Amino acid sequence: MIMKKKIVVIPGDGIGKEVMEAAMLVLRELDLPFEYIYMEAGDECAEKYGTPLPEETLQACKESDAVLFGAVGETAADVIVKLRFELETFANIRPAKSFRGVKALYDNVDIVIVRENTECLYKGFEFEFDGVAETVRIITKKGSERIARFAFELARKEGRKKVTVLHKANVMKKTCGLFRNVCREVAKDYPDIEYNEYYIDAACMYLVMDPWRFDVILTTNMFGDIVSDLAAGLVGGLGLAPSANIGEKHALFEPVHGSAPDIAGKGIANPTAMVLSACMMLKHLGYVEEAIKVERALEEVIAEGKTTPDLGGNLKTMEMAEEVVRKLREGLRA
Ligand code: NAI
Ligand code: MG
């Protein structure tokens, strides 16, 4: 008997639940040796149990082979940001890739953002006293080196050519300075990969005007959060943007988007980001072929215009997922 992989599934709030249902339909079609363990977290969970991230949920995540996460609402800082810290998933990988048939600003964009996930301004060290508020930014040599190596290794593994560091070391001389200096040092160990740097503000302009100059982007936590939404916007929106949170012991996969209260409950959220996040999970667990099959099916469905309204189609979330399943079955017959 083979040991089943334990996958903790956290649908969360709003469209998190809707896109998770869609992704699970696709995953179950693959019939893999996975045990899916559903756990709660988020705004609704907080209302029910008085805490947005119950101890049982955290424990289940720590004992899992992978976590599949939908999205939560206002409790995001206490749920997803906390989970990333608790699971020590120090690398947040966010690809932004053009899709055939998607009307976007540009075609042929193919960028991977590698965002440091456990330090920076999101550490939660905030204070307020007598009309003065402060947030402390923590950047460590160890944390910077770990994420820099991860980015260069990813570049090598994926056959990518260039790593670009985004920072603001001219103003934040200490924190960004340390990060950039460590990245420069690490780059010396990878002479086969081109290395360059931009200030974060200029990089935002380059991203909008000339996204092809980027391949792998390496940056700190908050800058990474912001530029990943920007990059998602370049290729057709948040409905298409998946992500992986990788650590030494744990891994969590989630769409970049949130619970989208403006469209929640309507059944029209694009499931692509969630399904692609599940594909990142499959690859992480060694099921590369299956992941590629799902990605191909999804690409074809999108190219045929069988999409949700955000991409100009008129399908519902589950209908789009059913189209993907149909494609997978056609593929199996072929
Ligand atoms: P959001 O990502 O939920 O939505 C931004 C915009 O993109 C909205 O117009 C939404 O309709 C659209 N959108 C997002 N995902 C989509 C999809 N799959 N298909 C079609 N359209 C999609 O970000 P927003 O509005 O800033 O935040 C809403 C809530 O989500 C907040 O309570 C926030 O705290 C939470 N949030 C949670 C995150 C997480 O759980 N990882 C991440 C970001 C926000
Ligand atoms: Mg974000």
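Read the numbers this way: they start at 1 and go in the same order the structure lists the ligands and their atoms. A quick note: this is a predicted structure, and the numbers were derived from the prediction, not measured.
- For Glu88, the CD atom sits in a loose shell: 12 or fewer heavy atoms of surrounding residues, nucleotides or ligands are nearer than 6.0 Å.
- For Phe90 and Phe85, the ring centers are positioned 6.0 Å apart or more.
- Remark: ligand 1 and Gly73 share an N or O pair separated by less than 3.5 Å (distance only, no angle test).
- Near Glu254, meaning under 4.0 Å from any of its heavy atoms, are these atoms of ligand 1: 41 (N).
- In terms of protein heavy-atom proximity, atom 28 (C) of ligand 1 is closest to Pro261 CD, 3.4 Å.
- The protein non-hydrogen atom at the shortest distance from atom 14 (C) of ligand 1 is His257 CB, 3.6 Å.
- Per-residue contacts place Ala71 under 4.0 angstrom from the following atoms of ligand 1 (heavy atoms of the residue considered): 40 (O).
- Heavy-atom proximity to Gly258, at under 4.0 Å, picks out these atoms of ligand 1: 1 (P), 2 (O), 3 (O), 30 (O), 36 (N), 37 (C), 38 (C), 42 (C), 43 (C), 44 (C).
- Ligand 1 places these atoms under 4.0 Å from at least one heavy atom of Ala269: 19 (N).
- In the vicinity of Ala260, heavy-atom distances shorter than 4.0 Å reach the ligand 1 atoms 3 (O), 10 (C), 11 (O).
- Contact atoms of ligand 1 toward Asp310: 20 (C) (distance under 4.0 Å to a heavy atom of the residue).
- Ranking protein heavy atoms by distance to atom 22 (C) of ligand 1, first place goes to Ile263 CD1, 4.0 Å.
- Taking a distance limit of 4.0 Å, we find that atom 18 (N) of ligand 1 is approached by some protein heavy atom.
- Taking backbone and side-chain atoms together, Asp225 has an N/O/S atom less than 2.8 Å away from the Mg ion (ligand 2).
- Remark: atom 25 (O) of ligand 1 lies closer than 4.0 Å to no protein heavy atom.
- Against a heavy-atom cut-off of under 4.0 Å, Phe69 is close to the following atoms of ligand 1: 40 (O).
- At distances below 3.5 Å, not a single donor-acceptor pair connects side-chain atoms of Lys293 with backbone N or O atoms of Val288.
- A side-chain donor-acceptor contact under 3.5 Å links Glu116 and Thr118.
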Evaluate the side chain to side chain donor-acceptor pair (under 3.5 Å) criterion for residues Asp107 and Ser98: first the C-alpha distance (whole Å), next the side-chain angles of each, then the deciding distance (0.1 Å), finally the verdict. CA-CA 6 Å; Asp107 301 321; Ser98 299; 5.6 Å; no
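- Applying the salt bridge (charged side-chain N to carboxylate O under 4.0 Å, His left out) test between Glu295 and each of Arg100, Lys283, Lys327, Lys97 identifies Lys283 as the sole match.
- Taking the six-membered ring where the residue is Trp, Phe214 and Tyr198 present perpendicular rings, their angle passing 60° and hence far from 30°.
- For atom 12 (C) of ligand 1, the nearest protein heavy atom lies 4.0 Å away or farther.
- For atom 9 (O) of ligand 1, the nearest protein heavy atom lies closer than 4.0 Å.
- Geometrically, Arg156 does not engage Phe150 in a cation-pi contact defined by less than 6.0 Å to the ring centre and at most 45° from the axis.
- Inspection of the Glu119 and Thr140 side chains reveals an N or O donor paired with an N or O acceptor under 3.5 Å.
- Checked for salt-bridge contact, Glu185 and Lys188 meet the test: a charged N lies under 4.0 Å from a carboxylate O.
- The existence of a salt bridge linking Asp215 and Arg160 is confirmed by a sub-4.0 Å separation between a basic side-chain nitrogen and an acidic carboxylate oxygen.
- Checking Leu238, Val72, Asp262, Thr272 against atom 7 (O) of ligand 1, the nearest heavy atom belongs to Leu238.
- Leu315 is not listed as a side-chain neighbour of Pro309, based on a closest heavy-atom distance of 4.5 Å or more.
- Under a 4.0 Å N-O distance rule, the pair Glu44/Lys17 qualifies as a salt bridge.
- For atom 29 (C) of ligand 1, the closest non-hydrogen atom of the protein is Ser259 OG, 3.4 Å.
- Only the side chain of Ile80 comes within 4.0 Å of ligand 1, judged by heavy-atom distances.
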Can you check ring pair (Phe, Tyr, Trp, His ring centres under 6.0 Å) on Phe253 and Phe69, steps first, answer last? CA-CA 6 Å; Phe253 303 84; Phe69 185 91; over 10 Å; no
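- When heavy-atom distances to ligand 1 are checked against a 4.0 Å cut-off, Pro255 has no atom that comes that close, whether in backbone or side chain.
- Of all the heavy atoms of Ile15, the ones lying under 4.0 Å from any atom of ligand 1 belong exclusively to the side chain.
- Within the 4.0 Å cut-off (strictly below), a protein heavy atom is located near atom 3 (O) of ligand 1.
- Residue-ligand proximity: Ala273 is placed with every non-hydrogen atom at 4.0 Å or more from ligand 1.
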